[in-house]
Number of protein chains: 2
Amino acid sequence: MGVTKTQIFDERQNELAHFFKVLGHPARIAILQYISKQNACICNDLVEEIGLAQATISQHLKELKSIGLLKGEIEGKRMCYCIDLDRWNALQQSLNSFFNTTKHNCC
Amino acid sequence: MGVTKTQIFDERQNELAHFFKVLGHPARIAILQYISKQNACICNDLVEEIGLAQATISQHLKELKSIGLLKGEIEGKRMCYCIDLDRWNALQQSLNSFFNTTKHNCC
DNA sequence: TTTTATTATCGTAATATTGCGATATATAAA
DNA sequence: TTTATATATCGCAATATTACGATAATAAAA
């Protein structure tokens, strides 16, 4: 086993879970915080800043791109990764919507 | 390897990531939504509702307990799992704080 | 006490994730 | 063209996660 049974959940549950999952790694949190602190981002800076190998950072960036949080623009021989603000806000809202609609209690 | 290098991140980054990680599974999203919909929750109901084995549900409940989102009370021979509203709100706030402080852009 | 019902835990198999070195690719600089 | 720099991808090893059957533990019911 070891496979998440995505077929028994609805699309929204899977999407929400995937989003949470991508944010569920300290390196990816750190990457987002660092990109935010700077005004431009270059992957190579991240390697020094975060302290993981270049291949590893590149992999984490790919996952952040997979949910649209980052957009990359080629800038000469460099890559400029930035936060996609529209997506960022949309995700925050989607997440708050989950929190607000799922908080009834019993005991 | 396969080990997250938690030691190179700060406590807040690790905590935030752990929180996101726990929410990063559709079964756990579904569990929270179901508990919320009901006014009381019994694990056995979840097994029928979600469609995973009892052992698996129990495991997911344990992880939700690990971040304090659920509290369980023994009720006869049953277990009543409920959402801890204080913790729920605190986590929502912590999450919004992350989103609000990490959203500057460049391109 | 015995049985039944409910939940937790253990052990295990399958798959996923993390991390890294090596290498490929692409562009700028020399 | 050659070299240097920056990023992506491949392949692999180590560890984590997911799922489940079997079983333990606990308490109500018979």
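Here is how names work: the chains are called A, B, and so on, in the same order as the sequence lines, proteins then strands, and each is numbered from 1.
- Under 4.0 angstrom from either OP1 or OP2 of D:dT7 there lies no side-chain N or O belonging to A:Ser58.
- Relative to the side chain of A:Thr4, the nucleotides C:dT18, D:dA19, C:dC10 differ in distance, and D:dA19 lies closest.
- The residue A:Ile57 sits apart from the nucleic acid: no heavy atom pair falls under 4.0 Å.
- Each of A:Lys77 and A:Lys62 has a nearest nucleotide on DNA chain D; the 5'-most of these lies closest to A:Lys77.
- Checking the phosphate oxygens (OP1, OP2) of C:dC20, a side-chain nitrogen or oxygen of B:Lys5 falls inside 4.0 Å.
- Distance, A:Leu70 CG to D:dA8 P: 11 Å, rounded to whole Å.
- Whole-Å rounding puts the B:Asn14 CG to C:dT18 P distance at 13 Å.
- Note that CD of B:Glu11 and CG of B:Leu16 are 12.0 Å apart. Values are rounded to the nearest 0.5 Å.
- The residue among B:Met79 and A:Ala27 whose nearest nucleotide of DNA chain C is located toward the 5' end is B:Met79.
- In terms of phosphate contacts, B:Tyr81 brings no side-chain nitrogen or oxygen within less than 4.0 Å of OP1 or OP2 of C:dT6.
- Side chain A:Gln59 to base D:dA8: no donor-acceptor pair is found below 3.5 Å.
- Atom CD1 of B:Ile74 and atom P of C:dA8 are 9 Å apart (whole Å).
- Atom CG of B:Leu52 is separated from atom P of C:dT7 by 16 Å (rounded to the nearest Å).
- For A:Gln54 against D:dA6, no side-chain N or O and base N or O form a donor-acceptor pair under 3.5 Å.
- Applying the 4.0 Å criterion to OP1 and OP2 of C:dT17, one finds that A:His60 has every side-chain N and O outside that range.
- Proximity note for B:Lys21 (side chain, C-beta onward) versus D:dT17, C:dT18, D:dT7: the nearest is D:dT17.
- Dashed line: the shortest gap from a side-chain N or O of A:Arg78 to OP1 or OP2 of C:dA28 is not under 4.0 Å.
- Note: CD (A:Glu48) to C1' (D:dA6) measures 12 Å, nearest angstrom.
- Looking only at distances, a side-chain donor or acceptor of B:Thr101 sits under 3.5 Å from a matching main-chain atom of B:Ser97.
- As judged by a 4.0 angstrom heavy-atom cut-off over every strand, A:Glu75 is placed among residues making no nucleic acid contact.
- Between the side chain of B:Glu63 and the main chain of B:His60, no donor-acceptor pair closer than 3.5 Å is present.
- When the nucleotides C:dT7, D:dA8, D:dT7 are ranked by their closest atom to the side chain of A:Ile42, D:dT7 comes out on top.
- Protein atom CG of A:Leu46 is 15 Å distant from nucleotide atom C1' of D:dA8, rounded to whole Å.
- Between the A:Ser58 side chain and the A:Ala55 main chain, no donor and acceptor come within less than 3.5 Å of each other.
- In this entry the distance linking CG of A:Asn44 with P of C:dA28 reads 17 Å, nearest Å.
- Counting non-hydrogen atoms under 4.0 angstrom, B:Ala53 reaches the backbone sugars and phosphates but no base.
- Residue B:His25 places its side chain closer to D:dA19 than to any other of D:dA6, D:dA19, C:dG21.
- A:Leu69 pairs in a side-chain contact (heavy atoms from CB on, under 4.5 Å) with only one of the listed residues (A:Val22, A:Leu23, A:Asp84), which is A:Leu23.
- When rounded to the nearest whole Å, the span between CD of A:Glu63 and P of C:dT17 equals 7 Å.
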Exercise. Check step by step if side-chain hydrogen bond (donor to acceptor under 3.5 Å, both in side chains) holds for B:Gln92 and A:Asn96.
Key: CA-CA 7 Å; B:Gln92 181 174 14; A:Asn96 271 309; 2.9 Å; yes

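- Distance from the side chain of B:Val3 is smallest to D:dT15 among D:dT5, D:dT15, D:dT7.
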